Amino acid sequence: MSIRLYNTLTKTKELFEPIAPGRVGIYLCGPTVYKEAHIGHMVGPVIFDTIKRYLTYNGFEVNWVVNITDVDDKLIAQSQERGISMSQVATEMTMDYCANLLAMGVDQITSMPRATENMDEIVGFIEGLIEKGFAYESDGDVFFDVQKDRQYGKLSNRSADDQQGEGGGAAAKKRSASDFALWKSAKAGQPAWDSPWGQGRPGWHIECSAMSRRLLGESFDIHGGGLDLMFPHHENEIAQSECCHGTPMAKYWMHNGLLRSGEAGKVGGKGDRESQAEESVEQAASGKMSRSAGAGGLRGQIERHGGEKIRFFLLKTHYRSTVVYSEAALDEAAIALDKFYVFFERYERIAGRTFYLAAGDDRQLNTQRSEGDFAPSDSGLLAEVKNYRDTYLAKMDDDFNSGGAVSELFNLLGALNKFADQQHLEEASKRTQAAIDQFLRGVETLRELAAILGLFLKPVTSTSSGGVEVVLDKLVQTFIQMRADARTNKDFAMSDRIRDDLTAAGITLEDRKEGTTWRLG
RNA sequence: GGCGCCGUGCCCAAGUGGUUUAAGGGGGCGGAUUGCAAAUCCGUUAUUCGCCGGUUCGAAUCCGGCCGGCGCCUCCA
């Protein structure tokens, strides 16, 4: 087994070998917490959550850091607009962000450092750069001297001249337009921290260099972020860290593709020719997800769809691809996911208990990769299961190809359903214990593989409370009994009417040999 | 203008030199099952991978050109 991943720095797939054997340090650029998160902010966390799960499954000990940027122009603007302190804005939005992460099943983050809690580290880092001659102070501001960095631009393949830099007042203070701010002097009424250069606050890029060094060391294994951060953010992080330390900042750079909005039916890509005047409308409806374009409402989306559906939707596609988001695309993912949920109910009828593991369950979730789970003599279902498992792992080994892996999950699901059909596992009189045992082992493999993607670990939480669900079940059972009576009397008009009305209410009935079951949707 | 990415069936999407005359999902069609459904299973839906050349014994996969879509270069996950 060997994992390969695509390194943006070299633009090739490389064999993954951590700097220290068995241990992996990952840094992912997190959000600036000034407004509520939107679905695009979940792409990176979901992918890296999956990457960490997979690395852990492969026996690595993973330290995954996601930073929170809680000091920035936009936060200041937000606090002034709302008449509350910047830290209040930050706290509120950080909580929103974390709640969203948890709803998406992202619970693998080791630490989430905040910029404002690392001011000493940040100031110290800047001092180090000045000492080494890579940065200079200018009237209370400190800038990175891009001309001094001979390697500048190696990640994004740009020259220093391409860097526009900040315009306005800062330009006059810089030696070169491409220099970027490490420290910004405070303006009246703005949050500020003490420094050797007077009151001020850090520039955008420095916190990542400072905090990654504190938590992961001068050189760590994987640095991730959205494709849009490659330049200038990551380029500048590299400049800061590598000039300061003289060693590579990260061994592998991974960039995830961005989410685009695909609403408004702009599929053919030909809509803009005739509607130049309506350009702004077009852009609002289709284009990169951004907070300014009104892509917000992640919380509402999670409430409507559930975090697992969105997670599955994101994982269906390779992480480096652009994903076009639309309600229709999400619905399609939901239908696919439903096949698993329906299967879990089937499992429950066969196994006599829920698919989901509880604390102290005698069924074990296999959390470590091993080859000894299947004997060469296994045939039939288990041989098929082994085959799909091997393919699944091979796909994950190849640059975390979650999209390809998902297809093996479906193959596995199909094999299990087919086996349950052929062996009549739902009919007590026809099934054999041997067949059930095989089936259960196959399901354990499905559980093991899905867990790598962070899927099916716990029941999908419904918005309604448990009490309501109990009442609803009693109600539906009453209808099911009425319908059964009608069917006994061959009153199919009545039985169909009951079922149709329930369907219209969002309840699907399923008749099977052992009785009628129901589910939502 | 500079730097990149992408173009696979009706739709989404994996595959990036031979085991692929191309996974998986959605949708369509036909069948099994069912009182009828739902769910499930079976079969079917691309000899072909934007177009044109080239390299190679062999390409969807490599190279060149063209066409089309998208991103970054300003804040952005």
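Please read these numbers as outputs of a predicted model, since none were measured by experiment. Chain A is the first sequence line, chain B the second, and so forth, proteins listed ahead of strands; every chain is numbered from 1.
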Length of the line joining [X]:[atom1] and [N]:[atom2], which is rounded to integer Å:
| X | N | atom1 | atom2 | value |
| --- | --- | --- | --- | --- |
| A:Asp228 | B:C5 | CG | P | 16 Å |
| A:His255 | B:C3 | NE2 | C1' | 14 Å |
| A:Leu259 | B:C72 | CG | P | 13 Å |
| A:Glu426 | B:A39 | CD | C1' | 9 Å |
| A:Leu227 | B:C70 | CG | C1' | 11 Å |
| A:Arg260 | B:G69 | CZ | C1' | 8 Å |
| A:Asn411 | B:G25 | CG | P | 7 Å |
| A:Glu514 | B:U40 | CD | P | 18 Å |

Within the structure shown, what part of the strands sits under 4.0 Å from [X] by heavy-atom distance: base, sugar-phosphate, or nothing?
| X | result |
| --- | --- |
| A:Gly224 | nothing |
| A:Asp500 | nothing |
| A:Arg349 | nothing |
| A:Leu509 | base |
| A:His318 | sugar-phosphate |
| A:Ala329 | nothing |
| A:Gly225 | sugar-phosphate |

Return the minimal non-hydrogen interatomic distance between [X] and [Y], and the atom names on each side.
| X | Y | value |
| --- | --- | --- |
| A:Met230 | A:Ser156 | CE-CA, 3.8 Å |
| A:Met112 | A:Ile109 | CG-CG2, 3.6 Å |
| A:Val65 | A:Pro113 | CG1-CD, 3.5 Å |

[X] has a side chain; which of [options] sits nearest to it?
| X | options | result |
| --- | --- | --- |
| A:Asn401 | B:G27, B:G15, B:C11 | B:G15 |
| A:Arg519 | B:C3, B:G27, B:A38 | B:A38 |
| A:Thr317 | B:G25, B:A39, B:A13 | B:A13 |
| A:Val43 | B:A77, B:A38, B:C75 | B:A77 |
| A:His38 | B:C70, B:A77, B:C36 | B:A77 |
| A:Asn157 | B:G35, B:G27, B:G4 | B:G4 |
| A:Arg487 | B:A77, B:G35, B:A23 | B:G35 |
| A:Arg346 | B:C36, B:A23, B:U40 | B:U40 |
| A:Glu408 | B:A23, B:A77, B:G26 | B:A23 |
| A:Leu258 | B:A38, B:G71, B:G26 | B:G71 |

Taking the six-membered ring where the residue is Trp, are the ring centres of [X] and [Y] under 6.0 Å apart?
| X | Y | answer |
| --- | --- | --- |
| A:Phe143 | A:Phe180 | no |
| A:His234 | A:His255 | yes |
| A:Phe340 | A:Phe410 | yes |

Given [N], is OP1 or OP2 found less than 4.0 Å from the side-chain N or O atoms of [X]?
| X | N | value |
| --- | --- | --- |
| A:Asn417 | B:A39 | no |
| A:Lys339 | B:G26 | yes |
| A:Ser321 | B:A14 | yes |
| A:Lys418 | B:C42 | yes |
| A:Thr391 | B:A23 | no |

Is there ring stacking between A:Phe410 and B:G25, where the centres must be under 5.5 angstrom apart and the planes under 30 degrees?
-> no
Expressed in whole Å, how much space separates the [atom1] atoms belonging to [N] and [M]?
| N | M | atom1 | result |
| --- | --- | --- | --- |
| B:C62 | B:G28 | C1' | 37 Å |
| B:G26 | B:G58 | C1' | 35 Å |
| B:G2 | B:U47 | P | 39 Å |
| B:A46 | B:C41 | C1' | 25 Å |
| B:C70 | B:G65 | P | 22 Å |
| B:G24 | B:G15 | C1' | 11 Å |
| B:U34 | B:A38 | C1' | 9 Å |
| B:C67 | B:G50 | C1' | 8 Å |

Return yes if the base of B:G35 and the side-chain atoms of A:Arg483 contain a donor-acceptor N/O pair under 3.5 Å, otherwise no.
-> yes
Base B:C36 paired with A:Asp511 side chain (donor-acceptor, <3.5 Å) | yes
Flag the pair A:Glu408 and A:Lys395 as a salt bridge only when some basic side-chain nitrogen lies within less than 4.0 angstrom of an acidic carboxylate oxygen.
-> yes
Should A:Arg483 and A:Asp501 count as an ion pair when the cut-off is N to O under 4.0 Å?
-> no
Taking the six-membered ring for Trp, are A:Phe355 and A:Tyr347 parallel (under 30°), tilted (30 to 60°) or perpendicular (over 60°)?
-> perpendicular
For RNA chain B, list all stems, counting runs of three or more consecutive pairs where every pair is Watson-Crick or G-U wobble with both distances under 3.5 Å.
-> B:1-7 with B:67-73, B:10-12 with B:24-26, B:27-32 with B:40-45, B:50-54 with B:62-66
Taking the six-membered ring of A:Phe231, is NZ or CZ of A:Arg158 closer than 6.0 Å to its centre and within 45° of its axis?
-> yes
Lys NZ or Arg CZ of A:Arg320 over A:Tyr6 ring: under 6.0 Å, within 45° | yes
Earlier contact from the 5' end, RNA chain B, for A:Thr508 and A:Val406 | A:Val406
Of A:Cys29 and A:Arg499, the one whose closest nucleotide on RNA chain B sits nearer the 5' end is A:Arg499
